[in-house]
Amino acid sequence: MPDAYAAIVEPVLDWYAEHARDLPWRRPDADPWAVLVSEFMLQQTPVSRVLPAYEAWLARWPTPKHLAAEEPGEAVRQWGRLGYPRRALRLHAAAVAITERHSGEVPAAYEALRALPGVGAYTAAAVASFAFRQRHAVLDTNVRRVLARAVRGEEHPPPSTTAGEWRLAESLLPAEPERAARWAAASMELGALVCTARAPRCADCPIAARCAWRLAGKPPGPPRRGQSYAGTDRQVRGLLLAVLREADGPVPQAALDAVWPDAAQRARALDGLVADGLVEPLDDGRYRLPASPPR
DNA sequence: CACTCGTGGGT
DNA sequence: TACCCAAGAGT
């Protein structure tokens with residue numbers, strides 16, 4: 001494609017300068033720890049629900065060392081109803097690793113970030129880019145959708161990230177690190193605010209004139225199977241963990257039995273929570289949030 | 001690679 | 001109202 005950079009990157013950067021949201025983790029006082037916390041919370045969770053949880057978390061644990069000194073169960077409790085509570089456990093484990101291996105400072109190197117619990121390719125690139133202003137391809141669901149439409153002419157990106165998507169993202173990366181970091185945030189913001197999954201606002205899009213998908217008449221992509229929830233183990237796990245979160249201390253078996261009628265599924269869900277280290281069984285038959293990290 | 005893992009708001 | 005799906009990671 002001829003000069004995709006000028007056709008895509010520059011208009012999106014200009015658009016971002018006008019339309020960027022004032023999010024707390026983008027402000028100058030957001031240090032690398034704050035950025036890391038925001039990225040954990042934003043994994044599969046909308047911004048609007050993260051905002052209050054982010055503020056409360058950092059008020060309680062302003063540095064990795066503060067969190068590392070706590071029991072992991074306290075992280076799970078503070079996580080509240082953000083969903084996917086294993087993230088809380090991994091964020092706690094990351095704080096421990098940062099304290100032990102990096103003197104309590106969030107590392108700047110991509111590989112060191114990637115080695116932290118709960119930090120995958122996206123989060124490592126995002127923290128290196130947003131907190132340390134480095135040059136990395138930051139490929140989240142928003143960017144993948146923007147590129148799928150604007151460049152590939154398809155409504156949705158593939159189910160899982162492909163090598164081709166990474167190649168494309170890297171080919172568009174501005175040479176200057178600061179500019180690359182701004183592009184990362186800008187392309188995500190465009191996907192979040194304009195090039196949305198459901199009802200894209202093409203009239204407000206800075207690259208609509210060159211968007212391959214729009215120019216092709218917005219052909220609908222193949223149907224994608226939705227994630228079912230009602231009646232699954234995930235729902236039962238959520239109900240069980242909610243009881244433990246809201247209790248002050250250990251909870252008797254009967255309190256957990258009350259949340260779901262199917263005893264077999266209930267047992268399977270509870271076993272899963274124990275296996276994940278989210279719940280600790282006591283010798284007296286009661287259960288509690290974990291007091292010590294799983295080794 | 002396919003599957004699992006929470007929760008709640010938007011359409 | 002019933003879906004759809006949201007700054008993914010780990011297995």
Side-chain angles (χ1 to χ4, degrees), chain A residues 20-21 23-26 30 34-54 76 79-91 93-94 113-131 136-146 155-163 165 169 181 184-193 195-201 220-221 223-245 259 268-269 271-273 275-279 294:
Chain A
R21 288 170 292 179
L23 299 173
W25 43 87
R26 288 178 180 161
V35 173
L36 183 67
V37 168
S38 77
E39 291 302 335
F40 267 83
M41 292 185 169
L42 288 163
Q43 290 170 4
Q44 298 287 283
T45 301
V47 167
S48 61
R49 284 176 48 216
V50 166
L51 286 170
Y54 167 87
V76 174
W79 197 254
R81 305 187 64 79
L82 274 184
Y84 291 150
R86 292 189 295 191
R87 291 182 292 166
L89 222 44
R90 292 180 184 141
L91 181 51
L113 289 163
R114 181 68 185 76
L116 296 173
V119 176
Y122 161 76
T123 301
V127 174
S129 180
F130 300 151
H136 294 277
V138 179
L139 203 48
D140 81 320
T141 187
N142 292 302
V143 179
R144 294 180 63 219
R145 187 174 53 251
V146 168
E155 184 181 19
H156 297 296
S160 56
T161 311
T162 65
E165 290 181 271
S187 52
M188 288 173 64
E189 193 79 334
L190 185 67
L193 298 182
C195 193
T196 54
R198 198 75 65 87
R201 304 167 54 190
R224 305 186 296 172
R225 15 172 276 280
Q227 36 186 341
S228 57
Y229 181 66
T232 63
D233 286 1
R234 284 154 80 182
Q235 182 183 16
V236 182
R237 286 168 58 112
L239 294 170
L240 290 170
L241 204 57
V243 171
L244 290 157
R245 234 178 11 234
V259 306
R268 188 169 65 242
D271 284 349
L273 289 169
D276 286 346
L278 282 164
V279 173

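Residue numbers start from 1 in every chain, and the chains themselves are labelled A, B, ... in the order their sequence lines are given, proteins ahead of strands.
- A residue-by-residue look at A/P117 and A/R21 shows that A/R21 has its nearest nucleotide of DNA chain C further toward the 5' end.
- At B/dG6, none of the side-chain N or O atoms of A/R49 fall inside 4.0 Å of OP1 or OP2 (strictly under the cut-off).
- Using a 4.0 Å heavy-atom criterion, one finds that A/A197 contacts the sugar-phosphate atoms exclusively.
- Between the C1' atom of C/dA9 and the CZ atom of A/R234 lies a distance of 13 Å, rounded to the nearest Å.
- Between A/W25 and A/F130, the distance separating the two ring centers is not shorter than 6.0 angstrom.
- Under the side-chain contact (heavy atoms from CB on, under 4.5 Å) test applied with A/E39, the options A/V127, A/D140, A/L113 reduce to a single match, A/V127.
- Contact between the side-chain N/O atoms of A/R87 and the OP1/OP2 oxygens of B/dT4 is not found at any separation under 4.0 Å.
- C/dA7 sits 23 Å from B/dT4 when the P atoms are compared, rounded to a whole Å.
- One finds a side-chain N or O of A/R81 lying less than 4.0 angstrom from the OP1 or OP2 phosphate oxygen of B/dG8.
- Here A/Y229 reaches the OP1 or OP2 of B/dT7: one of its side-chain N or O atoms lies under 4.0 Å away.
- Between A/R198 atom CZ and C/dA6 atom P the separation is 8 Å, expressed in whole Å.
- Across the interface with DNA chain C, nearest-nucleotide mapping of A/V119 and A/L42 shows A/L42 to be the residue nearer the 5′ end.
- Atom-to-atom, CE of A/M41 to C1' of C/dA7 comes out at 13 Å; the value is rounded to the nearest Å.
- Within 4.0 Å of A/R144, counting heavy atoms only, lies no atom of the nucleic acid at all.
- Here the C1' atom of nucleotide C/dG10 and the CD atom of A/Q43 are 11 Å apart, to the nearest Å.
- Contact between the side-chain N/O atoms of A/Q44 and the OP1/OP2 oxygens of C/dG8 is found at a separation under 4.0 Å.
- Rounding to whole angstrom units, CG of residue A/L91 and P of C/dA7 are separated by 19 Å.
- Nucleic acid contact for A/Q235: none, since no nucleic acid atom lies under 4.0 Å from a heavy atom of the residue.
- Although no hydrogens or angles enter the test, the distance criterion places a donor-acceptor pair under 3.5 Å between the side chain of A/R145 and the main chain of A/G191.
- As rounded to the nearest Å, C/dC4 and B/dG6 have C1' atoms that lie 15 Å from one another.
- A/W79 comes within 4.0 angstrom of no nucleic acid atom, judged by non-hydrogen atoms across all strands.
- Across the protein-nucleic acid pair, A/Y122 atom OH and C/dA6 atom C1' stand 12 Å apart, rounded to whole Å.
- Ranking B/dT11, C/dA6, C/dG10 by closeness to the A/T141 side chain, first place goes to C/dA6.
- As rounded to whole Å, 13 Å separates atom C1' of C/dC5 from atom CD of A/E155.
- The closest donor-acceptor contact from the side chain of A/R245 to the backbone of A/V76 lies at 3.5 Å or more, if one exists at all.
- Rounded to the nearest Å, the gap between the C1' atom of C/dG10 and that of B/dG8 is 24 Å.
- Close to C/dA9, at under 4.0 Å from its OP1 or OP2, lies a side-chain N or O of A/T123.
- Side chain of A/D233, nearest nucleotide from B/dC5, C/dA7, C/dA6: B/dC5.
- Among the atoms of the strands shown, only primed sugar atoms or phosphate atoms (P, OP1, OP2) are found under 4.0 Å from some heavy atom of A/A121.
- Comparing C/dA7, C/dG10, B/dG9 by their nearest atom to the side chain of A/R90 picks out C/dG10.
- Of the two residues contacting DNA chain B, namely A/P159 and A/L273, the nearest-nucleotide position lying further toward the 5' end is that of A/P159.
- In this structure, A/R21 places its CZ atom where more than 12 heavy-atom neighbours from other residues, nucleotides or ligands lie under 6.0 Å away.
- Protein atom OH of A/Y84 is 12 Å distant from nucleotide atom P of C/dA6, rounded to whole Å.
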A/R26 and A/E189: CA distance, side-chain angles, deciding distance, side-chain contact (heavy atoms from CB on, under 4.5 Å) verdict: CA-CA 12 Å; A/R26 288 178 180 161; A/E189 193 79 334; 2.8 Å; yes

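- Checked by atom type and distance alone, the side chain of A/R87 never pairs as donor or acceptor with a backbone atom of A/G118 at under 3.5 Å.
- The backbone N or O of A/Y229 lies less than 3.5 Å from no partner atom in the side chain of A/R234, so there is not a single donor-acceptor pair.
- Across all strands shown, A/L82 has heavy atoms under 4.0 Å from base atoms, whether or not it also approaches the sugar-phosphate.
- In terms of phosphate contacts, A/T45 brings no side-chain nitrogen or oxygen within less than 4.0 Å of OP1 or OP2 of C/dA6.
- A/R224 has a side-chain polar atom (N or O) that falls below the 4.0 Å cut-off from OP1 or OP2 of C/dC5.
- Here A/G83 lies in heavy-atom contact (under 4.0 Å) with a base.
- For the C1' atom pair drawn from C/dG8 and B/dC1, the interatomic distance equals 16 Å after rounding to whole Å.
- For the OP1/OP2 pair of C/dG10 and a distance below 4.0 Å, the side-chain nitrogens and oxygens of A/R86 include no atom meeting the criterion.
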